[in-house]
*Asks:* 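Before anything else, here's the structure in question.
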Amino acid sequence: GKGEWLVGRSHECDNPPWVRSLPACTAPAFAISRSSREIDAEVRRRLRSGEPLYHIHTDLIGELHPDLLITQAHCDVCAVTPADVDRSGCAPAALQVLALSAGTLDGIFADIQRVARALGVLVDQRARRPGIDVAAVCEGGELEALAHALGAGAGGLRSHRPREAL
């Protein structure tokens, strides 16, 4: 939920299809139309030399004025990291930078809750329960209620529309 609040995206974000209409705030720092072996060698070279893997379009992020900039701390190679954001200098353009780091299904739910809190969306108590049984929720027909609890519904919003960049 809250896709209408997005003002930007990463170069990798392409789902749902409408998100492609948002400006891409990042780009690979090197040509990715190479073989897997060549990409791996380039990534390793860049990591050794301290060169970035991604370019962050700081001017664009500044123009978008996001309230929240979402990044990830799970992998130094897979996507833009908090260190990349710090190095780029774009963090001041956002009121808050949130790094997701889920490594488990429970971690994904915890990160969803963190994003909801950062956006000022109230989270239902059922979604806060540690160790939530996802299979039971899906089989029990409560998936829609869970999605609502995690912020897909309209309740508990800020008085203004937050702006976020991924």
*Asks:* Between D111 and R114, is there a side-chain N and carboxylate O pair less than 4.0 Å apart?
*Replies:*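 A salt bridge links D111 with R114.
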*Asks:* What's the spacing between E42 CD and L47 CG if we round to 0.5 Å?
*Replies:*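 Here the rounded value is 10.0 Å.
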*Asks:* Roughly how far apart are R9 CZ and R20 CZ, rounded to 0.5 Å?
*Replies:* 8.0 Å
*Asks:* Which atom names give the shortest non-hydrogen contact between T71 and P82, and what distance separates them?
*Replies:* OG1-N, 3.7 Å
*Asks:* Might you confirm whether atom CG of D86 has over 12 heavy atoms from other residues, nucleotides or ligands at distances under 6.0 Å?
*Replies:* yes
*Asks:* Write down the atom of R46, the atom of A29, and the distance for their closest heavy-atom approach.
*Replies:*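 Here R46 and A29 meet closest at NH2-O, 3.1 Å.
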*Asks:* Looking at every non-hydrogen atom in both residues, tell me the closest pair between C75 and T81 and how far apart they are.
*Replies:* O-CG2, 3.5 Å
*Asks:* Which heavy atom of Y54 sits nearest a heavy atom of D84, and at what distance?
*Replies:* CD1-OD2, 4.3 Å
*Asks:* When you compare the side chains of S10 and E12, does any donor N or O come within less than 3.5 Å of an acceptor on the partner?
*Replies:*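 Side chains of S10 and E12: no pair found under 3.5 Å.
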*Asks:* Between V115 and L100, what is the shortest heavy-atom contact and its length?
*Replies:*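 Answer, listing the atom of V115 first, then L100: CG2-CD2, 3.8 Å.
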*Asks:* Using a 6.0 Å cut-off, check whether atom CZ of R87 has over 12 heavy atoms from anything other than its own residue.
*Replies:* yes
*Asks:* Return yes if some donor-acceptor pair links the side-chain N/O of T26 with the main-chain N/O of H11 below 3.5 Å, else return no.
*Replies:*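 Here the side-chain-to-backbone pair exists.
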*Asks:* To check you understand the geometry: which heavy-atom pair defines the closest contact between L60 and A24, and what is its length?
*Replies:* CD2-O, 3.4 Å
*Asks:* If the test is side chain to side chain contact (heavy atoms under 4.5 Å, CB included), which one of D67, L119, L68 qualifies with W5?
*Replies:* L119
